[in-house]
Amino acid sequence: MTFDRTIKIAPSILSADFANFGQEIQAIEAQGCDWVHVDVMDGHFVPNLTFGPPLLKAIRPHIKTVMDVHLMIAPVDPYIDAYADAGADVLTAHLEAGPHIHRTLQAIRAAGCKAGLALNPGTGLDDVAHLLDMIDLVCVMTVNPGFGGQKFIHSQIEKVRQLRAMIGDRPIHIEIDGGITPETAPLMAAAGADVLVAGSGVFKGGSVSDPAPYGDNIRAIRAAAEAAQS
Ligand code: DX5
Ligand code: ZN
C-alpha cells in the first residue's frame, strides 16, 4: 500500500448480500472501488454481531485491492493476531474500546498491519495527539457504530477539519464512516477526508446479477468528493 491523499471509495460489505460475499466483492471491485471495508462487531462494544476471523479468511482471496478491517470489539488485543492472520491490510481499533489503546496500536503494527484508530462521534481529538506517530489512519465515525443505513452526523465535519490540521504532512489517512452519499461526501472531502466508507450508498439499487448500479453509486460519490477536495 502506498500513501496518497487521492479519494478512495471503500464499500462496506455490511450492506452486501451475505450469501454471496465472493461475487459481491468481485462486483464492487470490477465497478471501481478502491478498498473493501469489513465491519467486525461483537454484540458488546456495539449492539450488533457480524464477522469472525474465519469469515475474513474465506473472503480474503476474493479481495484484489485493500482489506480494510474495522474492529468494533472490546477487548481488542486478544483478537489482533487472528484478524491479521486472516489477511487484514488495515486493522482499525476504537479509542473507546479500552484503556490501553497505545498498546493495541503497537500490537497491530507488530502483527504486520497498518494501524487505524477509530473515533465515535462523541469522542474528541485530545487523545489522538499522543498517538499520531503510531497510526496510519484515523476513522472518524459519522454515525454511531453498529448498523448500516444511519443518518450522517454533521458535527463531525468540524472534527475532520481539526484532525486534518493536526495531521499536517504526516502520512495518515482520514477515513469517514457512516451515512456517506454524493451529498455528504463533498462536505468531508473539503474538510480533509480521503477514504470514504459507504455501505448502503454503494450497494443500493444493485445486486450480483445487476452490478452496474454499484458502479454508478461509486462514481457519483467519487465525483462529488473529488470536486470538493481541498
Ligand atoms: C457502522 C459501520 C459502517 C456502516 C456504513 O457501524 O462501521 O461501515 O456499515 O454503512 P452506511 O454507509 O450504510 O452508513
Ligand atoms: Zn465501518
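Remember, it's 1-based here, ligands and their atoms both numbered in the order they're listed.
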Nearest neighbour in protein (non-hydrogen) for atom 10 (O) of ligand 1
Gly148 CA, 3.6 Å

Looking at Arg109, I'd like to know if its CZ atom is crowded, meaning that more than 12 non-hydrogen atoms belonging to other residues, nucleotides or ligands lie closer than 6.0 Å.
yes

Decide if atom CZ of Phe147 counts as having more than 12 heavy atoms of other residues, nucleotides or ligands within a radius under 6.0 Å.
yes

Who's the nearest protein heavy-atom neighbour of atom 12 (O) of ligand 1, and how far?
Gly199 N, 2.7 Å

Of all protein heavy atoms, the one nearest atom 6 (O) of ligand 1 is Gly146 N, 2.7 Å

Closer than 4.0 Å to some heavy atom of Ser12 - which atoms of ligand 1 meet that?
8 (O), 9 (O)

Of all N/O/S atoms in His70, the name of the one nearest the Zn ion (ligand 2)
ND1

For residues Leu71 and Thr92, determine if any side-chain heavy atom of one lies less than 4.5 Å from a side-chain heavy atom of the other.
no

Tell me whether Cys139 has at least one N, O or S atom under 2.8 Å from the Zn ion (ligand 2).
no

Determine yes or no for a side-chain-to-main-chain donor-acceptor pair under 3.5 angstrom, with Arg222 supplying the side chain and Gly32 the backbone.
yes

Give the atom numbers and elements of ligand 1 that come within less than 4.0 Å of a heavy atom of Gly178.
14 (O)

What I want to check is whether the side chains of Gln156 and Lys159 have a donor and an acceptor closer together than 3.5 Å.
yes

Atoms of ligand 1 less than 4.0 Å from His70 heavy atoms?
7 (O)

For Phe51 and Phe21, I'd like to know if the aromatic rings sit close, meaning centre-to-centre distance below 6.0 Å.
yes

Taking only heavy atoms of Pro145 into account, list the atoms of ligand 1 that are under 4.0 Å away from them.
6 (O)

If you consider just the N/O/S atoms, which atom of Asp39 is the closest one to the Zn ion (ligand 2)?
OD1

Which ligand 1 atoms are under 4.0 Å away from a heavy-atom of Ala198?
12 (O)

Would you call Phe147 a ligand 1 contact, heavy-atom distance under 4.0 Å?
yes

Within ligand 1, which atoms have a heavy atom of Met41 less than 4.0 Å away?
6 (O)

Atom nearest to the Zn ion (ligand 2) - His37, N, O or S atoms considered
NE2

Residue Met72 vicinity, atoms of ligand 1 by number, heavy atom under 4.0 Å
6 (O), 7 (O)

Which of the atoms in ligand 1, numbered in the order shown and given with their element, are less than 4.0 Å from a heavy-atom of Leu14?
9 (O)

Among protein heavy atoms, which sits nearest to atom 14 (O) of ligand 1, and what does the distance come to when rounded to 0.1 Å?
Gly179 N, 2.8 Å

Using a strict 4.0 Å threshold on nitrogen-to-oxygen distance, state whether Lys114 and Asp68 make a salt bridge.
no

Considering only the protein, which heavy-atom contact is closest to atom 13 (O) of ligand 1, and what is its distance?
Ser200 OG, 2.5 Å

Which residue and atom name correspond to the protein heavy atom nearest atom 5 (C) of ligand 1, and how close is it?
Asp177 OD1, 3.6 Å

Strictly by modelled atom types, are Glu29 and Thr65 linked by a side-chain donor-acceptor pair under 3.5 Å?
yes

Can you classify the ring geometry of Phe3 versus His173 as parallel (below 30°), tilted (30 to 60°) or perpendicular (above 60°)?
tilted

The Zn ion (ligand 2) - closest N/O/S atom in Asp177:
OD2

Would you say the rings of His70 and His94 are close, in the sense that their centroids are separated by under 6.0 Å?
yes

So, does Arg219 use its side chain to make a donor-acceptor pair with the main chain of Ala223 at under 3.5 Å?
no

Any donor-acceptor pair under 3.5 Å linking the side-chain atoms of Asp39 with those of Thr50?
no

